[in-house]
Amino acid sequence: MRHIGVAFAATLVAGWIVACVGEDPAPVGPQADPGVPVGQYKGACTADKKCIEGLVCVQEAVCLYPGDGAPPPDGSSSGAVTVPCPFASSSVKPTIQCDTTTCTNECCFGEVGPSACDEACATIDPRRSMKCDSKYQCSTGECCLAVTAALDTSKCPSPLPFVDAVESACVADGCDTSVGSNQYKMCRGDSECAAPMRCRQIEVTTGVNGTKLGYGVCN
């Protein structure tokens, strides 16, 4: 009997050793999908632990619906996501919106000066260039807006200060919408966005003169 007891104890110790040095445990709780934009359903929470309206930041990690985290079956409950400022343009012509006019090639706007078409953006600093505002100006790929800081999706419309705007351009292999890229696909309607994203309005302030340009991005 004594030998049996020793053997049993040794078995327990061996089990404890295996438990301690085994594989690392899987992450506990829901994890963000790296392919979903920050703040969206199943995407990572923002740096200040927030999500778009209708979602909650669960365990400071991932944006989910209130309650069980799943979307409402009919979208009618109070947990349904409301996307503020939906953006839609009836225009499908290959022109770029530039304040009160449209441009065939490029809309340029400066920190001080007004918006204008084909205004030698590359040679005037500081200026910003919008070479497209939707896929309609791109022969292939997508129209991508690059910014230096993520859009503030808690406001309607989402503001984009002059200092944070970089440029928009056609990208043959599509926009990099991974977490932290701060690149957005520009659009004129929901049909250009992959569900569950919507085409929502952003407002670019052109500088101290205060001119504002309205565009749409998938978010």
Side-chain angles (χ1 to χ4, degrees), residues 22-89 133-135 142-168 171 173-205 212-219:
E23 296 181 359
D24 292 334
V28 177
Q31 301 297 307
D33 183 339
V36 176
V38 172
Q40 302 291 318
Y41 176 57
K42 290 188 178 180
C45 303
T46 62
D48 54 354
K49 313 304 179 188
K50 293 180 180 178
C51 306
I52 66 170
E53 184 180 347
L55 301 180
V56 294
C57 183
V58 176
Q59 296 184 10
E60 300 186 350
V62 59
C63 294
L64 298 173
Y65 289 84
D68 62 2
D74 58 1
S76 61
S77 80
S78 60
V81 171
T82 299
V83 179
C85 297
F87 181 84
S89 170
D133 63 19
S134 78
K135 68 180 182 180
E142 299 171 348
C143 176
C144 305
L145 173 70
V147 297
T148 59
L151 297 173
D152 183 356
T153 56
S154 66
K155 296 179 180 178
C156 178
S158 297
L160 182 56
F162 177 86
V163 294
D164 290 338
V166 178
E167 68 171 3
S168 71
V171 180
D173 56 356
C175 308
D176 178 9
T177 56
S178 60
V179 175
S181 71
N182 293 339
Q183 194 174 107
Y184 299 86
K185 178 181 178 181
M186 300 196 75
C187 56
R188 291 183 180 174
D190 290 342
S191 62
E192 297 177 58
C193 303
M197 290 190 289
R198 303 279 300 277
C199 187
R200 57 185 297 161
Q201 185 178 354
I202 62 171
E203 192 171 66
V204 184
T205 302
K212 296 183 184 295
L213 305 176
Y215 295 102
V217 296
C218 294
N219 202 316

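Atom set for the values below is all heavy atoms of this structure, side chains included, hydrogens, waters and symmetry mates excluded.
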Quick one: closest heavy-atom pair of [X] and [Y], and the distance?
X    : Y    : value
A61  : A32  : O-CB, 3.8 Å
C175 : C143 : SG-O, 3.7 Å
C51  : C45  : SG-SG, 4.2 Å
Y215 : F87  : O-CD1, 3.6 Å
C57  : K49  : CB-O, 3.5 Å

Do the non-hydrogen side-chain atoms of [X] and [Y] ever get within less than 4.5 Å of each other?
X    : Y    : value
L145 : L160 : yes
Y41  : L64  : yes
D133 : L213 : no

Check side chain to side chain contact (heavy atoms under 4.5 Å, CB included) between [X] and all other residues, then give those that pass, not counting sequence neighbours.
X    : answer
T205 : K212
V171 : C144, D173
K135 : E192
A150 : N182, Y184

Atom [atom1] in [X], atom [atom2] in [Y]: separation rounded to 0.5 Å?
X    : Y    : atom1 : atom2 : result
R198 : C187 : CZ    : SG    : 10.5 Å
T46  : L151 : OG1   : CG    : 12.5 Å
R188 : S134 : CZ    : OG    : 4.0 Å
C156 : R200 : SG    : CZ    : 7.5 Å

Contacts of type side chain to side chain donor-acceptor pair (under 3.5 Å), residue [X], not counting sequence neighbours:
X    : answer
D176 : S178
S191 : none
D164 : T148
S158 : none

Check your understanding: Got a sec, which pairs hit salt bridge (Lys or Arg N to Asp or Glu O under 4.0 Å) with one end in residues 142-153, sequence neighbours left out?
Key ->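 Sorted pair list: E142-K185, D152-K155.
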
